[in-house]
Amino acid sequence: MDITPSYRANGDRYSTMTYARAGASGIQLPRISLGLWHNFGDASDRLVQREMLRTAFDNGVTHFDLANNYGPPYGAAEESFGRHFAADWRPYRDELLISSKAGYDMWPGPYGDGGSRKYLVASLDQSLRRMGLEYVDVFYSHRRDTKTPLEETMGALDSIVRAGKALYVGISNYNAADTARAAEILRGLGTTLTLHQPRYSMLDRWIEQPGAKGSDDERSLQDVLDESGVGSIVFSPLEQGLLTSRYLEGIPAGSRAGREGSHLSSDNLTPDRLAKVCALAPIAQGRGQSIAQLALSWVLRGGRVTSAIVGASSAEQLLGTVAAGSAPDLTDDEIAAVEKALAVTA
Ligand SMILES: NC(=O)c1ccc[n+]([C@@H]2O[C@H](COP(=O)([O-])OP(=O)(O)OC[C@H]3O[C@@H](n4cnc5c(N)ncnc54)[C@H](OP(=O)(O)O)[C@@H]3O)[C@@H](O)[C@H]2O)c1
């Protein structure tokens with residue numbers, strides 16, 4: 001095999017990470033996946049990026065989550081990924097699951113946003129060019145566009161699979177009712193809805209709640225996914241760093257909350273939330289885990305969630321979170337203790 005001289009993957013890379021099947025499909029995902037939303041834009045250090053990607057793959061993380069608009073600027077994370085892929089990973093393409101998405105604003109005019117066939121197909125072609133790939137493993141409709149018929153959006157996903165540009169398709173941020181309809185439409189077209197990518201953490205539990213996000217289905221998103229055989233891969237399981245020890249003594253320089261224009265602002269770091277994080281510490285310690293690892297074990301508890309996508313700003317952080325991919329499941333007592341900790345107020 002033609003191995004790039006500068007990088008040879010760790011021969012032991014599959015020895016610790018565990019993998020789970022996405023719903024009723026045949027595809028297995030690592031319990032911990034790496035997302036490139038932050039820290040892969042033009043201003044981020046390329047050597048740090050490379051170290052994170054290598055560390056992930058060397059530790060059994062086979063899945064890398066991207067979207068057309070990750071950067072900044074938009075498209076930059078896919079371009080960075082493409083550069084690292086070309087340098088390190090071409091020989092390993094068949095060991096990698098690479099995803100992208102379209103759904104949020106990407107380019108000006110009526111065809112660069114939403115859920116139209118025109119946007120989704122053109123955007124995926126652009127993503128493939130940026131990453132230097134022939135196909136992505138998973139392509140998502142990034143959000144429900146209520147102005148576009150769901151049949152059109154799902155029809156676009158179906159034709160993307162038939163064109164060989166994606167092996168699997170998914171949806172992200174859709175509520176329970178739209179998810180049930182999306183799965184049914186795709187089934188009718190002969191394509192499976194393989195994954196849903198919702199936000200989920202100890203501090204954001206909407207996927208457990210029937211009626212969340214305007215759904216008129218009496219079931220929660222999790223119940224719809226289980227009943228439809230759709231896997232789930234959850235994002236921001238660490239609440240962008242809040243569910244770690246990162247903010248227990250203020251806002252460190254260079255952290256996400258300390259950066260201007262970040263989605264995590266100091267307003268999110270309320271005394272109540274920090275009190276809950278402190279209350280989680282002894283439970284984590286009892287399991288020999290960090291708070292971050294406990295937060296990941298919690299979203300993965302009982303096997304209902306296929307994978308948790310973490311972000312990282314260093315290889316060291318990532319090593320810390322990847323360890324949760326081989327941790328034992330939470331016991332009933334630990335789950336009850338977490339519920340108590342989450343009820344704590346300042
Ligand atoms: N589908 C969607 O709409 C959507 C939306 C958002 C995200 N996503 C996907 O989900 C991925 C993950 O989202 P996220 O970045 O918000 O996830 P996250 O894992 O909740 O937060 C990642 C941040 O937590 C901090 N962190 C990570 N490991 C740590 C550790 N061991 N100790 C202390 N702090 C640690 C780092 O913050 P610092 O940077 O401050 O060091 C890191 O950047 C994204 O990259 C993207 O692929 C999807």
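Since the structure is predicted, the reported quantities are computational estimates derived from the model, not experimental observations. For ligands, and for the atoms within them, numbers begin at 1 and follow the listed sequence.
- Of all atoms in ligand 1, listed by their number and element, those nearer than 4.0 Å to a heavy atom of T244 are 33 (C), 34 (N), 35 (C).
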Legend entry - Verdict with supporting geometry, R304 and D223, salt bridge (Lys or Arg N to Asp or Glu O under 4.0 Å): CA-CA 10 Å; R304 280 187 99 178; D223 287 342; 2.7 Å; yes
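- When only interatomic distances are considered, the shortest N/O to N/O separation between L238 and ligand 1 falls below 3.5 Å.
- Near G35, the atoms of ligand 1 lying under 4.0 angstrom from a non-hydrogen atom of the residue are 11 (C), 44 (C), 45 (O), 47 (O).
- Across every non-hydrogen atom of N39 and A312, the tightest pair is ND2-O, 2.7 Å.
- The protein non-hydrogen atom at the shortest distance from atom 40 (O) of ligand 1 is R256 N, 2.7 Å.
- The protein heavy atom nearest to atom 44 (C) of ligand 1 is W37 CB, 3.3 Å.
- Residue S313 has at least one heavy-atom neighbour below 4.0 Å for each of these atoms of ligand 1: 38 (P), 39 (O), 41 (O).
- Considering T148, D113, D105, N68 as possible partners of Y119, the one that fulfils the side-chain hydrogen bond (donor to acceptor under 3.5 Å, both in side chains) test is N68.
- Of all protein heavy atoms, the one closest to atom 21 (O) of ligand 1 is Q240 CA, 3.1 Å.
- Nearest protein heavy-atom neighbour of atom 47 (O) of ligand 1: D65 OD2, 2.6 Å.
- Shortest contact from atom 12 (C) of ligand 1 to any protein heavy atom: I309 O, 3.3 Å.
- In this structure, the protein non-hydrogen atom closest to atom 25 (C) of ligand 1 is G241 CA, 3.6 Å.
- Heavy-atom proximity to H142, at under 4.0 Å, picks out these atoms of ligand 1: 1 (N), 2 (C), 3 (O).
- Looking at ligand 1, you won't find any N or O of K101 less than 3.5 Å from one of its N or O atoms.
- For atom 3 (O) of ligand 1, the nearest protein heavy atom (residue, atom name, distance) is N173 ND2, 2.9 Å.
- Remark: R93 is positioned above the aromatic ring of Y135, its terminal NZ or CZ atom under 6.0 angstrom from the ring centre and at most 45 degrees off the axis.
- Between the side chains of N173 and Y140, no donor-acceptor pair of N or O atoms lies under 3.5 Å.
- Numbered from 1 in the order shown, with element, the atoms of ligand 1 that lie under 4.0 Å from a heavy atom of E239 read 20 (O).
- The two residues W206 and P198 make their nearest non-hydrogen contact at CZ2-CB, 3.7 Å.
- Under the 4.0 angstrom criterion for non-hydrogen atoms, Y70 is in contact with ligand 1.
- Shown in contact with Y247 at under 4.0 Å from a heavy atom are these atoms of ligand 1, numbered in order with element: 40 (O).
- Residue-to-ligand polar distances place Q197 within reach of ligand 1: an N/O pair is separated by less than 3.5 Å.
- The protein heavy atom nearest to atom 10 (O) of ligand 1 is F235 CB, 3.1 Å.
- Considering every non-hydrogen atom in both A56 and L318, the closest pair reads CB-CD2, 3.6 Å.
- For the side-chain hydrogen bond (donor to acceptor under 3.5 Å, both in side chains) test with Q289, the passing option among Q285, R287, Q293 is R287; the others fail.
- For ligand 1, none of its N or O atoms has an N or O atom of L66 under 3.5 Å away.
- Under a 4.0 Å N-O distance rule, the pair E208/R301 qualifies as a salt bridge.
- Heavy-atom neighbours of D272 CG from other residues, nucleotides or ligands within 6.0 Å: above the threshold of 12.
- In the hydrophobic clustering of this structure, L342 groups with V305; members are Ile, Leu, Val, Met, Phe, Trp, Tyr whose side-chain heavy atoms approach within less than 4.5 Å, directly or through other members.
- Residue Q317 touches ligand 1 through backbone and side chain together, judged by heavy-atom distances below 4.0 Å.
- Enclosure of atom OH in Y14 by more than 12 non-hydrogen atoms of other residues, nucleotides or ligands within 6.0 angstrom is indicated.
- An N or O contact shorter than 3.5 Å links S172 to ligand 1 by distance.
- Annotation for E218: atom CD does not count as buried by contact number, only 12 or fewer foreign heavy atoms lying within 6.0 Å.
- When the options S33, S201, S236 are ranked by their closest heavy atom to atom 16 (O) of ligand 1, first place goes to S236.
- Residue F64 places every heavy atom at 4.0 Å or more from ligand 1.
- Proximity of K101 to Y70: side-chain heavy atoms (C-beta onward) are separated by under 4.5 Å at one or more points.
- Look at G320 and you'll find every heavy atom at least 4.0 Å from all atoms of ligand 1.
- Between the side chains of S159 and R117, at least one donor N or O sits under 3.5 Å from an acceptor N or O.
- Contact atoms of ligand 1 toward T321: 28 (N), 31 (N) (distance under 4.0 Å to a heavy atom of the residue).
- Taking every heavy atom of S255 and a limit of under 4.0 angstrom, the matching atoms of ligand 1 come to 40 (O).
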